[in-house]
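Working notes for the structure below.
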Amino acid sequence: MMRLAVRTLRHRKSGFIATFIAVAFGTAIVMACGGLMETGIRSNVEPQRLAGTSLVVTGKQSHLRPGTEDATPLPERVGVPIDQLAKIRSVQGVSSAVGDYTFTAVGPSITEGHNWSSASLAPYHLSTGRSPRSGQVVASSGEVGEHLTLLINGEPKTFTISGIAPQAAGHAFFSDHDAAQLVRNPARFADVGVQVAPGTNVDDVKDRLEQLDGNLTARAGVDRGLAEHPDAESHRTALIAIAGSFGGIAAMTMMFVVASTLALAAQHREREFALLRGIGTTPGQVRRMILGEALMVSLPAVVLGCLPGIFLGRFLFDQLSSHGVASPVIEFSQGWIPFAAGAGAAVLAAIGAGLIAARKSAKIKPVEALVEASLQRKWFSWIRLLFGLLFLGGGLALLIVTATVMSGPLAASTAGPSILCWAIGVAVLGPFWTKAVLGIWRWPVQALTRVNGRLAIRNLSARSVALSAAAMPVMLAVGISTANLYMQTTQVHASSEAFTRDLRADAVLVSDAGLSPTVLSQVRAVPGVASASSFVRSMGAVDEPRNAPFDEDGAPVIGVDAQGANGTAPVRLTSGSLAGLTGSTAAVPEYMATKTGRGVGSEITMTLGDGTTVKLLVVATFAAERGYETIILPASLVAAHTTDGLTKQILVRSAPGADIRSGLAKVASAHPGVQVADRSTLVASNVEDLQTQAWINYMLVGMLIAYTAVSVVNTLVSTTLRRRREFALQRLTGSTRFQVLRMLTTESTLVTLTGVTLGTAVALACLLPFSAKVSNDALPTGPIWIYLVVVGAAALLTFASTLIPATTTLRHSPTQPSYTD
């Protein structure tokens, strides 16, 4: 049977090319996702500034809330208390330990400042000059004795260059005394570099250091780089989640596409299988032949797909890095595991598809096979019904959960998977759904196309199984793309609306280097300014009460200054006042206060972004959209517990009829690095993460659309070429080539309408509950042209994949052998 399978491949290239392409593309996509997953898991960051250390001690970048099992990631640098330095030095096996102060210092080719003693952790060496004293700095370029002005804590400060360390590009080193004065939190080192005594086991010392304090983490080897770049640790979870979710969707899509392609190829060969059964071939032999063909096609396709998979994985990682989703300092890793995952998924998909395709062809009786081969009508089976109902039931269950349980951004976690359940459920029971939709569209199409329409409708009515095979890829492409694209537009719009609904600022001052406290006082003194407030963002965790409406990812925290009822804080107060928002106080969402019983005058306990736990007195409550709740804290409190300790935005509200633009511009011009922007900048900053997430989904969904487009082309080209005998018979009975093409145009119209209708229904089953929860409007938000482009692309693929091969076939005489092969 294997020899027969090899000969079959030689003479039926067109059908197997489609399977080859589907397997190769699927392997590349799954392998690329595997590379992203491995990169996220490993998170290898080569140490540079800490490369001269044996171990690096940092604070633990996660917090376990009481009564929970999942730790909340801490987005700000936790650091190491300075009183731990002496304890670290006393640990057995430690020969030396140096604390490192890190703070923002912006100047020519400089972004960070450090204490000079930490330069030994690189180690950096002076090429000229000497170590810095008070008022001096070591830079990577310049001349000794030259003056260097840096923006530190939002204020320009001038230092004298005492030495040059060429390797320290991007860093400036100050005397230990100056660094302790310049850093915002001198009570904590960013990290501590440890040298292990010769002959001491590094792992043993690492264990002893972590036993000193449960809030400390010791890093060795390549993990030392994560201490230099703590943002890489926070990006790690996002990268793993993206790779896992998209990889799972891609693997399921690949299995569906490969299965449908192989099943269609098997349907086209019913006459061949009927003949084999008629001459005595057993069902087992037919199954082995079909499985052999599937393996012989899939194995070379897997090998070919691995090559673009390497470049695709690297391309996706570079795109994610450039858009801030993955840290660019992480090394891209793609070892043998992604290769095995991509190859294994593709081969398993081919084997599974081969078994499904072989099941009917092997069991059918020879006489029935000859009858069935002429025109396939039977499609129903109890197994198909069971799986179809299971997937449809899964889609319905996820719809109910989305509509009743989930809220705000969390709705995407159940709405996203539901689209696959609906799509697969409809595809498995495709002939039933296509007949139902055809019953809707047949009359208007027939009225517009008349004779050709009636012929096309009769063809498709008799070939309902073939119609389903052609329409299902179109449904898959339209449903997945429409649902995912409009989920993103709806999510971004809802988040923007939730923020801007209460935003009362008319302008915003911004500076990446931080804003000096004097800027705020100067802004408040500008004529026409009614209110001005610092604005700081971070994340935290609500420890008490335990039933606060925030998940394990933490609670968004906004820091503003104390203000009256006409202040700039983006909230609608329902009780209390922000006038007392100073010290250890907070304003909480009204829903949280009602749910937990912690209203005005009560206390809550929070862990801030750097791991500091504080008790806060609730001074106000405010209305907030479900799923978009935040905690409001004093700006000074929030800023003090961020990585850089800086305030980078000031919200400004003008008095009615006042023009404050020139006054704010004058203030900004007096402070280097400060810019004035309108409220749209603040809105864009608020939805920046969602826009990044939307871009990721656009890119990944685009890849899935391209892959399903391959399925559309494969299916329709193969189906059209199979009908060469039918076209020859029509030509011999008097039909012209133009009449045949008009009939096929009408059929393509019906296929497009059927696929688009089902795809739209599948997308709406996901979008309607999602939109109702996210934006309180059942209809998704987004431009209509997105849907029109998706439908237009589906129609173009359908018509091109049908008419181009048909036109090529009709060029030949109906009596030529090419029609009867």
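If you read the sequence from its start, that first residue is 1, and numbering goes on from there.
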Subject >> Any residue meeting ring-ring contact (aromatic ring centres under 6.0 Å, His included) with Phe622, in chain and number order, not counting sequence neighbours >> reply: none
Subject >> Stepwise side chain to side chain donor-acceptor pair (under 3.5 Å) test for Asp176 and Ser117 >> reply: CA-CA 7 Å; Asp176 288 4; Ser117 60; 3.2 Å; yes
Original post:
Can you list the residues that meet the ring-ring contact (aromatic ring centres under 6.0 Å, His included) rule with His171, with sequence neighbours excluded?
Top reply: His114
Original post:
What pairs of residues pass the salt bridge (Lys or Arg N to Asp or Glu O under 4.0 Å) test when at least one of them lies in residues 560-582, not counting sequence neighbours?
Top reply: Asp502-Arg572, Arg524-Asp561
Original post:
His63 and Thr607: side-chain donor and acceptor closer than 3.5 Å?
Top reply: yes
Subject >> Selection residues 649-663 - residue pairs positive for salt bridge (Lys or Arg N to Asp or Glu O under 4.0 Å), sequence neighbours left out >> reply: Asp659-Arg661
Original post:
Got a salt bridge between Glu544 and Arg598, using NZ or NE/NH1/NH2 to carboxylate O under 4.0 Å?
Top reply: yes
Subject >> Val638 versus Gly559, closest heavy-atom pair with distance >> reply: CG2-CA, 3.7 Å
Original post:
Would you say Lys615 has more than 12 foreign heavy atoms packed within less than 6.0 Å of its NZ?
Top reply: no
Original post:
Should we say atom CG of Asp512 is surrounded by more than 12 heavy atoms from elsewhere, each under 6.0 Å from it?
Top reply: no
**OP:** With Leu651 as reference, evaluate Asp506, Leu509, Val508, Val523 under the side-chain contact (heavy atoms from CB on, under 4.5 Å) test and give the passing residue.
**Re:** Val508
Original post:
Can you name the residues that form a salt bridge (Lys or Arg N to Asp or Glu O under 4.0 Å) with Arg49, not counting sequence neighbours?
Top reply: Asp100
Original post:
Just checking, any donor-acceptor pair under 3.5 angstrom between side chains of Thr643 and Glu76?
Top reply: yes
Original post:
Quick one: ring-ring contact (aromatic ring centres under 6.0 Å, His included) partners of Phe189, sequence neighbours excluded?
Top reply: Tyr101
